[in-house]
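Naming: A, B, ... by sequence-line order, numbering from 1 per chain. Everything numeric in this text was worked out from a predicted model, so none of it was measured.
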Number of protein chains: 2
Amino acid sequence: MLKLSRLADYAVVILVNLGEQDGVVTSPALAAETGVPEPTVAKILKVLSSNKLVLSQRGAKGGYRLARSLADISVASVITAVDGKIALTACVDGGECDAGVSCGMCGSWDTINKAIRDTLEGISLEVMRQNSACGAGMMKKNALMSATTRREGA
Amino acid sequence: MLKLSRLADYAVVILVNLGEQDGVVTSPALAAETGVPEPTVAKILKVLSSNKLVLSQRGAKGGYRLARSLADISVASVITAVDGKIALTACVDGGECDAGVSCGMCGSWDTINKAIRDTLEGISLEVMRQNSACGAGMMKKNALMSATTRREGA
DNA sequence: CTGAAACAGGACCTAACTGGTCTCCAATCA
DNA sequence: TGATTGGAGACCAGTTAGGTCCTGTTTCAG
């Protein structure tokens, strides 16, 4: 199904949310905002921090803030940070295939991978935020709703 | 990592291999050619058959052959046949999100999904075959090699 | 007419991977 | 000095994809 990892999806939501606030924000606060479970938010933020997409401030009164504006963060960079290199198959560009079987087409996928990467590079989080069908309010509402549901369900 | 399912990868290899032969080919034969385990090849061919990408002939002396030329089969159609609709996230175009959390960006991903789909539509298996860095011989060699390794490993 | 060969369509099991949680450590500020 | 917050990694569990097998149906050969 060619699916994206859920973490990457969360990361986008979290970053957009972070971009709509000013000052440093703690991970619990972001978790409350987005409805994503706190430990997961923390984990994602750590990764984003090590990839320089967000800046962290440790200690009391610490938290996170965007390293650049939403317009300067591409979807590709978020996915790359969370999921690693963007590639459609096990044969990463020029890399060796352990399996061998799927390797018959080694070079061929490179074209596809590059095309997809270019596509994702061209879309910024700012665009994502604006194109959102539901809007920020809806996002928050949905998030809280799901958080409640999850808690009740468990 | 935005990865493609291995089945889809196999499917491409199998189809290209099928396209290089004439007459009907049995699934055991294709398995031997590609190095993909026979039951898996059979499974994939069944799916491809039901999606009209290959034509099947039952009974003794039966087998499979391409429904159209490699040039007329897009990578997108193969992936769609094997993995279902091509979409980057759980939110399929216009569909409803069960989770809610990842749904904040519902509409935004559509643009991305469409772009990726277009990219994959534009690449035919014939192109894949020609661009193959290793070439058909290498493919076969690798396949057999891995088949041997697998057998010994198990 | 009978048996073998090959596809059709499932059910089912296993294993890998992802997602999610928890714990301990380091840093910062009141 | 202690409370707060991020940093790093181990670890557990649920899901899902990959792979195998079984049974039936069709067709050809002898």
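- For the pair B:Lys61 and D:dA29, the criterion of a side-chain N or O lying under 4.0 Å from OP1 or OP2 is met.
- Here B:Leu7 lies in heavy-atom contact (under 4.0 Å) with sugar-phosphate atoms only.
- Look at A:Tyr10 and you'll find a side-chain N or O under 4.0 angstrom from OP1 or OP2 of C:dG20.
- When the side-chain nitrogen and oxygen atoms of B:Tyr64 are compared with OP1 and OP2 of C:dA8, one or more of them lie within a distance under 4.0 Å.
- Per the geometry, CG belonging to A:Leu45 stands 15 Å off C1' belonging to C:dG20, to the nearest Å.
- Note on B:Ser27: only backbone sugar-phosphate atoms sit closer than 4.0 angstrom, heavy atoms only; bases stay farther off.
- The side chain of A:Lys43 lies closest to C:dG19 when the candidates are D:dT20, C:dA8, C:dG19.
- A distance of 10.0 Å separates NZ in A:Lys114 from OG1 in A:Thr119, rounded to the nearest 0.5 Å.
- For the pair B:Glu38 and B:Leu30, the minimum side-chain heavy-atom distance is 4.5 Å or more.
- The side-chain contact (heavy atoms from CB on, under 4.5 Å) test with B:Arg129 singles out one residue from B:Asn17, B:Leu15, B:Val16, and that residue is B:Val16.
- Phosphate proximity of C:dC7 to B:Ser49: absent, as no side-chain N or O sits under 4.0 Å from OP1 or OP2.
- Atom-to-atom, CZ of A:Arg6 to C1' of C:dT21 comes out at 15 Å; the value is rounded to the nearest Å.
- Applying the 3.5 Å distance criterion, the base of D:dG6 shares no donor-acceptor pair with the side chain of A:Lys46.
- Both A:Thr26 and B:Pro39 sit near DNA chain D, but only A:Thr26 has its closest nucleotide nearer the 5' end.
- Within the 3.5 Å criterion, the main-chain N or O of B:Ile73 finds no donor-acceptor partner in the side chain of B:Ser77.
- The base of D:dT25 is paired with the side chain of B:Arg58 by a donor and an acceptor separated by under 3.5 Å.
- Residue A:Pro28 places its side chain closer to D:dG6 than to any other of D:dG19, D:dG6, C:dA6.
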